[in-house]
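Heavy-atom basis, side chains included; hydrogens, waters and symmetry copies ignored.
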Protein chains: 2
Amino acid sequence: MNGTARRPRRHDPGRRDRLVDAAIAVIAERGVAGTTHREIARAADVPLGSMTYHFASLDEVLAEAFTRHASSVADVFDERLGAAPDRDAAVEAVISLVADDLLGSAHDLVLTVELYVAAARNPALKAVTQAWMGRSRRALERHFDATTARELDALIEGLVLHSALSTDPMTPEQIRHAIHRLLR
Amino acid sequence: MNGTARRPRRHDPGRRDRLVDAAIAVIAERGVAGTTHREIARAADVPLGSMTYHFASLDEVLAEAFTRHASSVADVFDERLGAAPDRDAAVEAVISLVADDLLGSAHDLVLTVELYVAAARNPALKAVTQAWMGRSRRALERHFDATTARELDALIEGLVLHSALSTDPMTPEQIRHAIHRLLR
DNA sequence: GCGCCATGCGTACGAGCGTACATATGATGT
DNA sequence: ACATCATATGTACGCTCGTACGCATGGCGC
């Protein structure tokens, strides 16, 4: 009756990590509201009991998932801006980051907005959000003064959000135009 | 045993409207995730059965609540921008709108972000979001060209969002600076 | 080689949920 | 005055959820 073969799962080091990854995937697909122990366990192909063994609560899973997501997005941000030799290159890096986020993955945007909502009522996640925003601000401040960094950061957020929710998303040229206009 | 007096509730015209208002309050306070038939009924002080009588499903309640919220925010937007006699006045109106939104009510921002998340997985709410964005774009286009309107709209969104989530919210002067910088 | 215990597993429980539905009631047209 | 029926109410059902917990198992120190 058991159609799908069961892999031997004893001694599965790193299972906790895989569970966090599975949680990220579930949040992206079904939203925080649709993220349950059972759903995560199914996504990671582990039994339900494994969740309560590795995590004290569902909130703990969410916190780790969002922390990992934020950190990996910030890594890309840091890396690309760090590689820019001068201000002009930094501007190009920002444009490319925004355009990639937009065209590449609505996936990441959904996770981000889900995080914002969750953070509104969960202090731990609020801290995650703020740490993330701090990192991106600091990355921008390598090339721009503090005021400019903050304004640019806000513009980026708005561009990504509006583009993703709009029927008629902004083109890379429009993104470029907006960013150059603020920085001109 | 029944400590709280029960108002006579028969023949309560406009109850449906009050329920939608109660739903808005509950969403703002507890989030979409914490919004249930029972919670809304409690907030409006009506029995649970009243919910299923007035609404076919919980989704219907959410849709009406978000529609009303979006429409009332857009009304303010329209009104203030419509009253501006020239471009300079329109810029001031935008600055004041952003600063009021920020300083006045985190309440509205929470509702907005909740709407974005809900819209990501609910086509009806996506339509509500897009109609709303369309209205604010059109309001801006009374005073700015289409490209400027779109860029300004995005900047506004980012400023409000970042300010609200930041430990150190932007001051009205900083808001003014950012907006003037884009439009300069 | 072997026992111990960290790790993995299955199941059960109580709570809260959306929704259905049978019944009660009073405003309204006559 | 009264019958009607839209409106209002209380309760119950079936489901999914988070979490607890007792049992199984096999890697590792001895």
Write down the distance between [atom1] ([X]) and [atom2] ([N]), rounded to a whole number of angstrom.
X: A/R30; N: D/dT16; atom1: CZ; atom2: C1'; value: 14 Å
X: B/R42; N: D/dT9; atom1: CZ; atom2: P; value: 16 Å
X: A/R15; N: C/dA6; atom1: CZ; atom2: P; value: 18 Å
X: A/F55; N: D/dA20; atom1: CZ; atom2: P; value: 15 Å
X: B/R16; N: D/dA8; atom1: CZ; atom2: C1'; value: 15 Å

According to salt bridge (charged side-chain N to carboxylate O under 4.0 Å, His left out), does anything in residues 153-175 of chain B pair up with another residue at least two apart or in another chain? List the pairs.
A/R137-B/D168, A/R150-B/D168
If you look only at pairs with a residue in residues 114-125 of chain A, which of them pass as a salt bridge (charged side-chain N to carboxylate O under 4.0 Å, His left out), with sequence neighbours excluded?
A/E114-B/R121, A/R121-B/E114
Is the distance from OP1 or OP2 of D/dA8 to the nearest side-chain N or O of B/Y53 less than 4.0 Å?
no
Any side-chain N or O of A/H54 less than 4.0 Å from the OP1 or OP2 oxygen of C/dT7?
no
According to ring pair (Phe, Tyr, Trp, His ring centres under 6.0 Å), does anything in residues 152-184 of chain B pair up with another residue at least two apart or in another chain? List the pairs.
none
Taking the side chain as everything from C-beta on, heavy atoms only, tell me whether B/V91 gets closer than 4.5 Å to B/H143.
no
Could you list all the side chain to side chain donor-acceptor pair (under 3.5 Å) pairs where at least one residue sits in residues 24-36 of chain A, not counting sequence neighbours?
A/R30-A/E39
Test of understanding: with salt bridge (charged side-chain N to carboxylate O under 4.0 Å, His left out), list the residues that count as partners of A/E79, not counting sequence neighbours.
none
Extract from the structure each pairing of a protein N or O with an N or O of nucleotides 18-20 of chain C at less than 3.5 Å, listing the distance.
from	atom 1	to	atom 2	distance (Å)
C/dG18	OP2	B/H37	N	3.1
C/dG18	N7	B/R38	NH1	2.8
C/dG18	O6	B/R38	NH2	3.1
C/dT19	OP2	B/L58	N	3.0

